[in-house]
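The block underneath contains the structure these notes are about, expressed in structure tokens.
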Amino acid sequence: MPELDGAIGWLNSAPVESRSLLGKVVLVDIWTYSCINSLRQLPYLKSWSAKFRDASLVVIGVHSPEFGFEREPHNVENAVRDLRITYPVAIDSDHRIWRAFSNEYWPADYYIDGRGRVRYHHFGEGDYGECERIIRELLKENGARGLDDSPSIVSGSGVEVAPSRDERSPETWLGYHRAERLALPERLAPDSLKTYGPPARPSLNQWGLSGPWNVGGESAELGADSGKIVYRFHSRDLHMVLAPAKTGTPVRFRVRLDGIAPRSDCGTDSAPDGTGVVTEPRLYQLIRQKGQVEDRTFEIEFFDPGVRTFSFTFG
């Protein structure tokens with residue numbers, strides 16, 4: 001097991017040293033708080049931490065950021081509190097622990113036996129039954145007796161609900177470093193303010209901008225009081241990673257599905273009439289369809305300048 005001394009801080013715990021964990025089974029979860037895959041895994045991590053704590057399982061979260069705002073310790077602290085995570089979380093803002101594990105994924109789980117050896121790893125969400133079986137196997141090797149062998153029955157709420165089986169839209173980034181499937185009638189102007197026209201008829205998984213936007217490497221920032229983003233998608237859920245203006249000023253928005261208010265298909269961060277407010281940098285659930293999933297055109301309009309838009313994710 002690599003050392004954990006690369007963290008710039010710890011939440012819910014004093015700093016944890018790897019050698020202090022010898023004799024315990026350890027699950028290290030490398031995650032980041034705006035990643036939908038990381039969020040949907042959280043109910044299982046919380047359940048296992050509580051279920052096997054007395055059998056000497058230690059769950060440790062390593063928060064390694066994807067976006068710049070996730071490097072800020074106060075943002076991580078707010079997220080850990082809001083997500084009701086009680087196990088230790090290392091703030092790995094410089095990716096030192098990430099590199100020590102030679103990691104490449106969010107989330108990434110490393111299963112470590114009582115002798116300090118990394119025995120298994122799992123990348124991405126899912127396979128929870130197999131992951132729990134591995135935990136039991138390592139605990140029994142470590143001398144645990146009388147374990148509850150029944151599989152954990154876990155259900156999340158809000159953004160933590162498992163994805164649907166009809167998801168045909170991929171994660172999409174809005175910054176030019178990783179932007180794909182951008183449909184614009186004119187050329188993109190990186191790192192400069194430019195007024196764009198919306199795509200006339202976007203195909204499935206194409207997206208476009210409308211209004212004055214400054215598209216940077218990581219995000220697209222609105223340069224005036226009004227601007228839109230359009231995405232043609234196929235999925236039950238649609239999320240966006242959003243942040244308010246750099247001054248911290250909240251940004252109002254309204255979302256539409258096929259040109260009308262989402263009504264019962266609104267997400268946890270939008271009202272039935274489509275309205276909502278970006279108040280902090282995080283993932284926002286904007287659509288959760290209640291009926292049959294089909295190709296839909298999503299539109300979000302912002303009514304205040306400075307909003308930063310990072311990515312779309314689906315479920």
Side-chain angles (χ1 to χ4, degrees), residues 1-2 4 16 18 21-64 66 83-90 92 97-98 100-168 170-171 235-237 239 283 313-315:
M1 178 182 176
L4 301 174
V16 176
S18 295
L21 299 169
L22 289 173
K24 301 180 182 293
V25 173
V26 182
L27 169 53
V28 173
D29 170 51
I30 299 181
W31 70 297
T32 190
Y33 81 80
S34 74
C35 169
I36 186 62
N37 308 97
S38 295
L39 294 173
R40 289 193 293 235
Q41 182 180 249
L42 282 180
Y44 293 88
L45 297 174
K46 296 174 188 176
S47 174
W48 295 335
S49 177
K51 183 175 183 177
F52 299 115
R53 182 181 297 118
D54 292 342
S56 295
L57 174 69
V58 177
V59 177
I60 294 177
V62 173
H63 186 273
S64 297
E66 178 178 9
L83 294 167
R84 299 180 180 179
I85 297 171
T86 58
Y87 51 77
V89 175
D92 187 32
I97 301 176
W98 170 289
F101 276 86
S102 299
N103 188 56
E104 298 180 4
Y105 304 96
W106 293 283
D109 294 336
Y110 295 88
Y111 298 80
I112 297 148
D113 66 17
R115 296 172 62 184
R117 301 175 298 175
V118 178
R119 294 280 297 277
Y120 302 93
H121 57 72
H122 183 271
F123 302 139
E125 60 182 309
D127 294 329
Y128 300 117
E130 175 65 10
C131 293
E132 186 168 345
R133 185 195 66 77
I134 290 168
I135 291 171
R136 286 198 192 89
E137 176 183 307
L138 296 180
L139 289 171
K140 290 176 180 178
E141 285 185 12
N142 205 44
R145 298 290 183 269
L147 292 178
D148 180 357
D149 287 331
S150 61
S152 297
I153 300 175
V154 176
S155 61
S157 60
V159 298
E160 296 179 7
V161 171
S164 70
R165 296 183 178 181
D166 191 5
E167 180 184 344
R168 304 180 195 174
E171 184 171 7
S235 187
R236 182 195 66 197
D237 302 340
H239 318 93
L283 180 142
T313 56
F314 302 91

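A distance of 7.0 Å separates CH2 in W48 from CG in L27, rounded to the nearest 0.5 Å. The CD1 atom of I85 sits 3.5 Å away from atom CH2 of W31, with the distance rounded to the nearest 0.5 Å. How far CE of M1 is from CD1 of I112: 4.0 Å, rounded to the nearest 0.5 Å. Taking CD of E160 as the start and CD1 of I36 as the end, the distance is 8.5 Å to the nearest 0.5 Å. E137 CD to D113 CG: the interatomic distance, rounded to the nearest 0.5 Å, is 10.0 Å. Within the model, atoms CZ of R133 and CG of L138 stand 9.0 Å from one another, a figure rounded to the nearest 0.5 Å.
Below 30°, between 30° and 60°, or above 60°: for F101 and Y110 the angle between ring planes is between 30° and 60°, a tilted geometry.
Side chains of D148 and S150: a donor-acceptor N/O pair is present below 3.5 angstrom, by distance only.
Heavy atoms only, all atoms of each residue included: L139 and A55 are closest at CD2-O, 3.2 Å. Summarising the geometry of L83 relative to K46, their closest heavy-atom pair is O-NZ, 2.6 Å, with the distance given to 0.1 Å. Between F314 and P170, the closest heavy-atom pair is CE1-O, 3.2 Å. Taking every heavy atom of both residues into account, R40 and H239 meet most closely at NH1-CE1, 4.4 Å. Between L21 and I60, the closest heavy-atom pair is CD1-CD1, 3.7 Å. Shown here for I30 and S64, the closest heavy-atom pair between the two residues is CG2-OG, 3.8 Å.
Formation of a donor-acceptor pair under 3.5 Å by the H63 side chain with backbone atoms of Y33 is found in this model. A donor-acceptor pair under 3.5 Å is formed between the side chain of S235 and the backbone N or O of G315. No donor-acceptor pair closer than 3.5 Å links the side chain of S56 to the backbone N or O of K24.
Heavy-atom contacts from other residues, nucleotides or ligands closer than 6.0 Å to CZ of R119 number more than 12. Heavy-atom contacts from other residues, nucleotides or ligands closer than 6.0 Å to CZ of R117 number more than 12. For NZ of K51, the number of neighbouring non-hydrogen atoms (other residues, nucleotides, ligands) closer than 6.0 Å is greater than 12.
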Start with the C-alpha distance between V62 and W98, add both sets of side-chain angles, then the distance that settles side chain to side chain contact (heavy atoms under 4.5 Å, CB included), and finish with yes or no. CA-CA 8 Å; V62 173; W98 170 289; over 6 Å; no
Please report the C-alpha distance between N37 and W106 in whole Å, then the side-chain angles of each, then the deciding distance to 0.1 Å, and finally whether the side chain to side chain contact (heavy atoms under 4.5 Å, CB included) criterion is met. CA-CA 7 Å; N37 308 97; W106 293 283; over 6 Å; no
Residues V118, V28; criterion side chain to side chain contact (heavy atoms under 4.5 Å, CB included); working and verdict: CA-CA 10 Å; V118 178; V28 173; over 6 Å; no
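Side-chain contact between R84 and T86 is absent, with no heavy-atom pair separated by less than 4.5 Å. When side chains are defined from C-beta on, S47 does not count as touching E132, because their heavy atoms never get closer than 4.5 Å.
Residue pairs meeting the ring pair (Phe, Tyr, Trp, His ring centres under 6.0 Å) criterion with at least one partner in residues 112-153, sequence neighbours excluded, are Y44-Y128, Y105-F123, H121-F123.
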